[in-house]
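Read through the structure below, which is laid out as structure tokens, and then see the notes.
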Protein chains: 2
Amino acid sequence: MRPVSIEDTPLIDALSRVISRHGFEAASLRLLSEATGLKRASLYHRFPGGKDEILEAALARAAERFSAMLAPAFAQGDPVERARQVADGIDEYYQGGQESCLIVALSLADEEHQKMAAPCLAAWADAFRTVLVDAGETPKVAAERAQDLVAQIEGALVIASASGDRGPFQRAVGRLPTELTQAA
Amino acid sequence: MRPVSIEDTPLIDALSRVISRHGFEAASLRLLSEATGLKRASLYHRFPGGKDEILEAALARAAERFSAMLAPAFAQGDPVERARQVADGIDEYYQGGQESCLIVALSLADEEHQKMAAPCLAAWADAFRTVLVDAGETPKVAAERAQDLVAQIEGALVIASASGDRGPFQRAVGRLPTELTQAA
DNA sequence: GGGTCTTTACCGAACGTTCTGTTTAGAGAA
DNA sequence: TTCTCTAAACAGAACGTTCGGTAAAGACCC
């Protein structure tokens with residue numbers, strides 16, 4: 001059997017990057033094709049469902065990467081160390097603020113595609129909340145602060161995209177270990 | 001002379017809302033037409049430069065509204081009161097988190113359109129920085145915290161769009177008066 | 001006041017391009 | 001060969017844009 005010219009994982013990562021950078025609707029098959037080296041027909045061969053199936057694959061991959069990135073939050077051990085590991089994972093995932101966020105991109109999509117980002121967002125907040133609770137925060141406050149910290153990072157990614165200034169992202173990630181482990 | 005069917009201000013506000021909600025590329029003339037009640041050809045009569053001129057008008061209007069929203073920050077008087085007025089202005093501008101942000105939308109556009117959002121972002125951070133300095137913060141820390149507070153709000157708006165949860169936005173705006181006036 | 005004229009606002013129809021999605025034929029490894 | 005994958009051409013719809021024409025108001029002269 002003839003081998004694929006690009007493996008599934010790098011293929012989906014490249015597709016996901018285009019969607020994150022341009023938004024789902026603006027991520028045309030031409031852009032997706034150029035980014036992957038596969039012609040449109042070949043993309044349809046790999047994803048018979050078209051753009052929708054590509055988005056599903058990108059989201060499944062994001063969920064997988066998120067799960068790995070957030071795993072230390074749900075582990076046992078010192079909350080400070082776990083928080084630092086999660087912060088490192090976030091920094092690597094978004095390449096210090098250079099990479100766009102799929103959640104931001106989907107927040108501009110139509111309602112049906114928009115709601116597909118909610119689970120990722122919820123998983124993220126839940127990870128932060130878990131560390132905060134383990135660090136002694138009350139459940140109610142922990143849930144809110146977790147959400148707020150996710151917002152801080154998402155907003156920093158928006159600013160990094162819009163102005164090219166990665167400072168807010170780097171500060172947000174740098175503060176994360178202490179923010180996640182000091183109870184109010 | 002025949003009267004316009006929709007005045008410039010509500011027209012541009014409606015166009016701006018479509019762009020903010022869907023992003024610049026996804027804001028098709030069909031959507032813009034439906035949102036304003038003007039047919040495509042009529043939009044070209046009002047904006048001969050097409051979508052680019054529509055975006056320029058939306059940005060000019062945003063700069064105008066931002067200027068009004070942030071004016072209390074540059075006024076004289078009690079920083080606490082000024083911060084509260086700015087927070088109220090932000091809450092009203094984004095309708096408690098229901099409205100999308102044009103800056104977020106432009107962060108997904110092509111590079112040439114993307115950079116058009118930078119002045120708005122800078123004006124916003126500068127307003128926060130001014131209040132922080134007046135409240136006794138050092139210039140360097142004030143500049144960074146100002147940016148971080150902008151990121152907090154932008155991120156909260158993304159979460160409000162993506163998940164429908166306006167809690168993060170309302171908390172961010174509610175915290176703003178104290179965040180802007182307590183030196184580290 | 002009645003009847004043109006001018007000016008502006010708006011719209012229907014069409015332009016060429018690009019989009020998503022399909023079909024068909026050929027290239028390439030087992 | 002046989003089977004998988006890819007390339008190229010295709011169709012139909014939507015895109016941004018342009019153009020000719022129509023509708024509506026004020027201006028102006030009679």
Side-chain angles (χ1 to χ4, degrees), chain A residues 1-59 105-106 108-114 116, chain B residues 1-59 61 102 105-106 108-114 116:
Chain A
M1 176 169 69
R2 186 179 178 181
V4 295
S5 64
I6 175 173
E7 294 293 332
D8 271 357
T9 301
L11 172 59
I12 294 172
D13 284 345
L15 294 167
S16 183
R17 214 171 296 125
V18 173
I19 296 173
S20 303
R21 171 64 188 82
H22 297 275
F24 181 63
E25 302 200 44
S28 65
L29 287 188
R30 180 178 58 79
L31 284 178
L32 295 170
S33 170
E34 287 171 0
T36 57
L38 290 183
K39 300 292 182 185
R40 270 164 296 166
S42 305
L43 284 173
Y44 272 94
H45 178 73
R46 302 282 279 267
F47 304 95
K51 276 182 73 175
D52 278 321
E53 189 173 336
I54 289 176
L55 177 59
E56 277 172 29
L59 274 165
L106 287 180
L108 294 180
D110 20 344
E111 209 169 340
E112 52 183 336
H113 295 125
Q114 206 175 46
M116 298 170 77
Chain B
M1 175 169 69
R2 185 179 178 180
V4 295
S5 64
I6 176 173
E7 294 294 332
D8 271 357
T9 301
L11 172 58
I12 294 172
D13 283 346
L15 294 168
S16 182
R17 215 171 295 124
V18 174
I19 295 173
S20 303
R21 171 64 188 79
H22 296 275
F24 181 62
E25 301 200 45
S28 67
L29 287 189
R30 180 179 57 80
L31 284 177
L32 295 169
S33 170
E34 288 171 0
T36 58
L38 289 182
K39 299 296 181 183
R40 268 171 299 175
S42 305
L43 285 173
Y44 270 89
H45 177 74
R46 301 285 280 268
F47 305 95
K51 276 183 76 177
D52 278 321
E53 189 172 336
I54 289 176
L55 177 59
E56 277 172 29
L59 274 166
R61 173 93 178 111
L102 188 56
L106 287 180
L108 293 181
D110 19 346
E111 209 169 339
E112 53 182 335
H113 295 124
Q114 206 175 46
M116 297 170 77

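Residue numbering restarts at 1 for every chain, and letters A, B, ... go by the order of the sequence lines. Below, all heavy atoms of this structure are taken into account, side chains as well, without hydrogens, waters or symmetry copies.
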Residue pair B:L38/A:F24 against DNA chain C: nearer the 5' end by closest nucleotide is B:L38
Any side-chain donor paired with an acceptor under 3.5 Å for A:H113 and A:D52?
yes
Atom CD of A:E53 to atom P of C:dT22: distance rounded to whole Å?
12 Å
Looking at side-chain heavy atoms only, is the closest gap between B:L43 and B:L15 below 4.5 Å?
yes
Rounded off to whole Å, could you give me the CG-to-C1' distance for the A:L11 and D:dT6 pair?
14 Å
Expressed as a whole number of angstroms, how long is the span from B:E25:CD to C:dC19:C1'?
13 Å
May I have the distance from B:E34 (atom CD) to D:dA14 (atom P), rounded to whole angstrom?
11 Å
Judged by nearest nucleotide, the residue sitting upstream toward the 5' end of DNA chain D, B:P48 or A:H45, is A:H45
B:H22 vs B:V18 side-chain heavy atoms within contact, under 4.5 Å:
yes
Rounded distance (Å) that lies between atom P of D:dA14 and atom CG of B:L32
17 Å
Where do B:S33 and B:R40 come nearest, in terms of heavy atoms and distance?
OG-N, 3.9 Å
For B:K39 and D:dC19, give me the distance from atom NZ to atom C1', rounded to whole Å.
18 Å
Nearest to the side chain of B:S28, which nucleotide is it out of D:dG16, D:dA24, C:dG21?
D:dG16
Would you mind classifying the nucleic acid contact of B:S42 as base, sugar-phosphate or nothing, using non-hydrogen atoms under 4.0 angstrom?
base
Whole Å only: how far is the OH atom of A:Y44 from the P atom of C:dT22?
7 Å
Using a heavy-atom cut-off of 4.0 Å across all strands, would you classify A:R40 as base, sugar-phosphate, or nothing?
base
Taking for each residue the nucleotide of DNA chain D with the nearest heavy atom, is it B:G49 or B:R2 whose nucleotide lies nearer the 5' end?
B:G49
Let me know the distance between CZ of A:F47 and P of C:dT20, rounded to the nearest Å.
15 Å
Taking D:dG16, C:dC11, D:dA24 as options, the one with an atom nearest any side-chain atom of B:A41 is C:dC11
Between B:R21 and A:A109, what is the shortest heavy-atom contact and its length?
NH2-O, 2.9 Å
Can you check whether B:R30 has a side-chain N or O nearer than 4.0 Å to OP1 or OP2 of D:dA14?
no
